[in-house]
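Note that the coordinates shown come from a computational prediction; the quantities given were computed from them, not determined experimentally. Note on naming: letters A, B, ... go to the chains in the order of the sequence lines (proteins, then strands), and numbering restarts at 1 for each one.
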Amino acid sequence: MEERYDPAALEAAAQKRWRDARAFEVTEDPSRRKFYCLSMFPYPSGKLHMGHVRNYTIGDVLTRYHRMRGCNVLQPMGLDAFGLPAENAAIQNNVPPAKWTRENIAYMKQQLQSLGFAIDWTREIATCDPDYYQWNQWLFLQMLKRGIAYKKTQVVNWDPVDQTVLANEQVIDGRGWRTGAPVEKKEIPGYYLAITRYADELLADLDRLDGWPERVRTMQANWIGKSTGVRFAFPYELDGKKELLWVFTTRADTIMGVTFCAVAAEHPLATHAAKNNPKLAAFIDECKRGSVMEADIATMEKQGMPTGIFVTHPLSGEKIPVWVGNYVLMGYGEGAVMAVPAHDERDFYFAKKYNLPIKQVIDWPGRRQSPPIPPLQKGGGAAGGFSDAWHEWYADKDGVCVNSGRYDGMSYRTAVDVIAADLKKKGLGDKQVQWRLRDWGISRQRYWGCPIPIVHCERCGDVPVPDHQLPVVLPEDCVPDGSGNPLNKRKDFIKCACPKCGKAARRETDTMDTFVDSSWYYARYACPDNDRAMVDKRVDYWLPVDQYIGGIEHAILHLLYSRFWSKVMRDLGLVRYGEPFSNLLTQGMVLNHIYSRRTGKGGIEYFAPEEVEPRHDDDGKITGAVSKADGRPVDYQGMGTMSKSKRNGVDPQALIEKYGADTARFFIMFASPPEQTLEWSDAGVEGAHRFLKRLWTFANASKTSIDLVLKNEQKYANFFKAAGGAHPAVLREFHLILKQINFDISRHQFNTVASGTMKMLNALEGAAGLGSVEASLFIRKEGLKFLLLTLSPICPHITDHLWRELGYGDDILKAPWPEPDEEALKQDEIELVLQVNGRMRGSVRVAADADRAAIEAAALAHEAARRHTAGLTVKKVVLVPGRLVNIVAG
RNA sequence: GCCCGGGUGGCGGAACAGGUAGACGCAAGGGACUUAAAAUCCCUUGGGGGAAACCCCGUGCCGGUUCGACUCCGGCCCCGGGCACCA
């Protein structure tokens, strides 16, 4: 055995052994319980970062743990290879995205392999391979046939200088990231997937996902956003024609408080009104500027302008003015809203800003008296002397209607029912269920993605590419230059024959959202070699995924799209499951500082933390930085998730090279529990490495002892039984730690699993010099065995090596996971915490089976208890069995 | 702005179903070994008072429930994630 711990050599040897033995290649075996353990595949950004190490180590720990539990475990890996960063790299370095991506894949795969993950690499997939994405295209066409995929217009961020569509990420404060030009909204056609058809099922099935974190289920439920309300119309006349302005509201009980309506800038009513109103037309143009992001829209200044058009209130017959509001979106609901400024915060501020009337129609009897509504003045009633007291009641539904004619006195529920019925009678509305969820727009005006298999023919229209012509292969030699999709310049790609009429036609150049790629890759891992079908019956064995692990940032979109896609595949008869992931572990993100600077053009550039010198305030908080390269100031953006685009990733390579994979794995598991956000710092890596060195040294020194014990285990077990003294307590400690480790692994708290293994080593070192030599040797053999077994999922290389070297067996991969021995955990006497009035004052030792009277007597007799109860009357004694006794005195 | 999380020593974190706050580490200080350094090992380490026994304070802030609150409830502040074209 080597004297010195040399992770590089040892890890390479272990990995070679696993590779030669094909240790992690698995096949379907109906006789064994299967366990499909999957980590979200990485985007091949160039190098792994700590978030990847964290994600894949968690997955690997679970994989190895379940193997030891006897499961047939599949852990595959692949690459989410299409996406925007490849195009950005192309712009910067003039290299084709395909080349850049494939080079990154090769490097990252080698990095992943050096970490020793128990991955079945024979199943590797990359979403940029036609073998994979042809099935995106095929399924898209299946959806198109069934109307699940369809075409409509979409609103995108438009950079008027580069003449290109911008991703939300490329819009910085309403401006294009490269040009600095103010972004405009633009309507273009695109394909959508009707995820809303599945809204009910996607919501209902959340209840069945009890292996998912509650917070993810809550987020998804809120995102789907089922709300029951009333859809109704305000009649109006336009050029002598009768028209209806439709709106949706969840607060129909406030309908009598409507004092104006607001429509989106793109609403037909607004368009019509602008025809003879240049000021309004200019305002509508203004509204069309800015980004399409919800966060931008929600936080921007609410603005509006009257259209001059009035509609009729469907119940009161009042004339209601219609405004154009920049906060009303054409894509949501009807593109128009009723406004009740007295009972809606946004409407209230809008009304105040434009001096629109406010009419209270809900009151809260028994609550604070409502403020009086001042009489309307010319130009509006909201100004001056007006109280905002009902702010605190905005969301409440427990008031009753007032100032509402025949609805006065009605509760929320009654009022909504009666008002809906009245509207229905007039043919102007009804109750309706509305969803926040919108259909999924998948068209991207980008090059590096899966081509949408459609041909545009002047005669036949949009024609689907027939199955036998699939895949539509993306040419891989294009280099985007920032001015739009380079496919548009590729005549050889665009020019094609119409599949229907055979005449010359134009191929669609939009590609698919990369979320399409990641919506079903987990199924393809079961049958990556099938070139005739998207999936086959092997999927029935492996799916659904038993444990899915990935960043919390995917809590909504990726996971929801995958759930939707599964249900579509199920309805097409392709798979049997409706939910793809039985258990989900959402890893917290690994954060690092973000530094950026505005470029001359008004764009933005990011600096890696090692490229700047941070500046601190008196509290030690970072306020800014200067670039080490040019000495000029750099802005501090705070902490954020490690990403390629923000340049704040930390490459684990240096860590692996200096300390080895086991140290890197141990450290990242030890640093914090997996679901928690982790602000990156490598302080503490030394400690993890020191632990493994200590383990190495201790095992080295124990070899002859363990040889001895293993040759005659029974003899040493007898010695142990006979020895007594401190020995049972030491063995008990190991079983206690083991019990805790088992519990912690079951709840995925790997940091305390790691610290448990450290405690075991501490206990082993502490027990080295105990009385009976034979009994000590027995404990050492037992303890070290537990230590190696429980450490092996986290640090598979060193444990693999030591297991063999110490003679425990020929392969730790085949060893079963250890269970604590309840017999060893028993004890005759226990220690109870002694409290007086809830404050700890000492402890009492009592027999393990002592009854309440005996414990109370022991507690009251305790010196500290007597001291703290002196002069007081004991009122009661609270006893928590096995834990504490609390004397309540006063 | 809306939805979802989080906040505990100098730092990462522990405390399992309301029951000993600070496990296990890092860093720091002191010591041993060494010609010296590295490595390794031992000791100390939340704050305050005290010679000590021991006592007081302490889990973002304010208030509440309880014999007892990091844990439960109400309100606030700060940080992170998501908001549909980053993945």
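Both A:Lys693 and A:Glu214 lie near RNA chain B, and the one whose nearest nucleotide falls closer to the 5' end is A:Glu214.
By the 4.0 Å N-to-carboxylate-O rule, A:Arg866 lies too far from A:Glu863 to be salt-bridged with it. Salt bridge present: A:Arg436 and A:Glu294 bring a charged side-chain N and a carboxylate O closer than 4.0 Å. Salt-bridge formation is detected for the pair A:Arg178/A:Asp162: a Lys NZ or Arg NE/NH1/NH2 atom is positioned less than 4.0 Å from an Asp or Glu carboxylate oxygen.
Between the P atom of B:A39 and the CG atom of A:Leu692 lies a distance of 17 Å, rounded to the nearest Å. At whole-Å resolution of the value, CG in A:Leu695 and C1' in B:G25 are 16 Å apart. A:Gln637 places its CD atom 13 Å from the P atom of B:C79, with the value rounded to the nearest Å. Going from atom CG of A:Asp347 over to atom C1' of B:G1 covers 14 Å, rounded to whole Å. B:A23 atom P lies 15 Å from atom CD of A:Glu733, rounded to whole Å. A:Tyr327 has its OH atom 16 Å from the P atom of B:C2, to the nearest Å. Distance CG (A:Asp744) to C1' (B:A14): 10 Å, rounded to an integer number of Å. Computed from coordinates, the A:Phe666 CZ to B:G13 C1' distance equals 13 Å when rounded to whole Å.
Its glycosidic angle being more than 90° from 0, B:G13 falls on the anti side. Nucleotide B:A17 carries a syn base; the chi torsion (O4'-C1'-N9-C4 or O4'-C1'-N1-C2) is within 90° of 0.
When the P atom is used for both B:C72 and B:U20, the distance is 15 Å, rounded to whole Å. Rounded to the nearest Å, the gap between the P atom of B:C61 and that of B:G7 is 13 Å. Separating the P atom of B:C57 from that of B:A21 is a span of 13 Å, rounded to the nearest Å. Separation of the P atoms belonging to B:U44 and B:A53 is 14 Å when rounded to the nearest angstrom. When the P atom is used for both B:C85 and B:G63, the distance is 47 Å, rounded to whole Å. B:A15 and B:C86: their C1' atoms are spaced 38 Å apart (whole Å). Between the C1' atoms of B:G74 and B:U8, the separation comes to 22 Å (whole Å). If you take atom C1' in B:A17 and the same atom in B:C11, they sit 31 Å apart, rounded to whole Å.
Defined by atom type and a distance below 3.5 Å, a donor-acceptor pair is present between the side-chain atoms of A:Asn136 and A:Trp520. A:Arg54 and A:Ser672 are linked by a side-chain donor-acceptor pair at a separation below 3.5 angstrom, with hydrogens and angles left out of the test. No hydrogens or angles considered: a donor-acceptor pair under 3.5 Å links the side chains of A:Arg694 and A:Asn762.
No hydrogens or angles were tested; on distance alone, a donor-acceptor pair under 3.5 Å links the side chain of A:Gln835 to the base of B:G19.
An OP1 or OP2 oxygen of B:G13 is reached within less than 4.0 angstrom by a side-chain nitrogen or oxygen of A:Gln676. Remark: A:Arg839 is not in phosphate contact with B:G19, judged by side-chain N or O atoms under 4.0 Å from OP1 or OP2. One finds no side-chain N or O of A:Gln740 lying less than 4.0 angstrom from the OP1 or OP2 phosphate oxygen of B:A15. Phosphate proximity of B:A39 to A:Arg690: absent, as no side-chain N or O sits under 4.0 Å from OP1 or OP2. Within the 4.0 Å cut-off from OP1 or OP2 of B:G68, not a single side-chain nitrogen or oxygen of A:Asn837 is found. Within the 4.0 Å cut-off from OP1 or OP2 of B:G25, not a single side-chain nitrogen or oxygen of A:His689 is found.
The environment of A:Lys658 atom NZ is sparse: at most 12 non-hydrogen atoms of other residues, nucleotides or ligands sit within 6.0 angstrom. Open room surrounds NZ on A:Lys739; 12 or fewer heavy atoms of other groups in view lie less than 6.0 Å from it. Around atom CZ of A:Arg867, more than 12 heavy atoms belonging to other residues, nucleotides or ligands sit under 6.0 Å away.
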Contact pattern, 5' to 3', of nucleotides 81-87 of chain B - B, S or - by protein heavy atom under 4.0 Å: SSBBBSB
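Residue contacts for A:Lys875: at a heavy-atom cut-off of 4.0 Å it reaches no nucleic acid atom on any strand shown. A:Asn886 comes within 4.0 angstrom of a nucleotide base, judged by non-hydrogen atoms across all strands. Counting any heavy atom pair closer than 4.0 Å across all strands shown, A:Asn762 reaches sugar-phosphate atoms only and no base atom.
As the counterpart of B:A23, no nucleotide is assigned, since no Watson-Crick or G-U wobble pattern has both distances under 3.5 Å. With a cut-off of 3.5 Å on both pairing distances, B:U71 has no Watson-Crick or G-U wobble partner at all.
Interface residues of residues 668-675 of chain A facing RNA chain B, ordered by number: A:Phe670, A:Ala671, A:Ser672, A:Pro673; criterion, heavy-atom separation under 4.0 Å.
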Steps toward side-chain contact (heavy atoms from CB on, under 4.5 Å) verdict (A:Trp440, A:Ser519): CA-CA 12 Å; A:Trp440 173 14; A:Ser519 285; 3.5 Å; yes
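Annotation: cation-pi geometry satisfied between A:Lys152 and A:Tyr192 (NZ/CZ under 6.0 angstrom from ring centroid, within 45° of ring axis).
A search for ring pair (Phe, Tyr, Trp, His ring centres under 6.0 Å) contacts involving A:Tyr43 returns nothing, not counting sequence neighbours.
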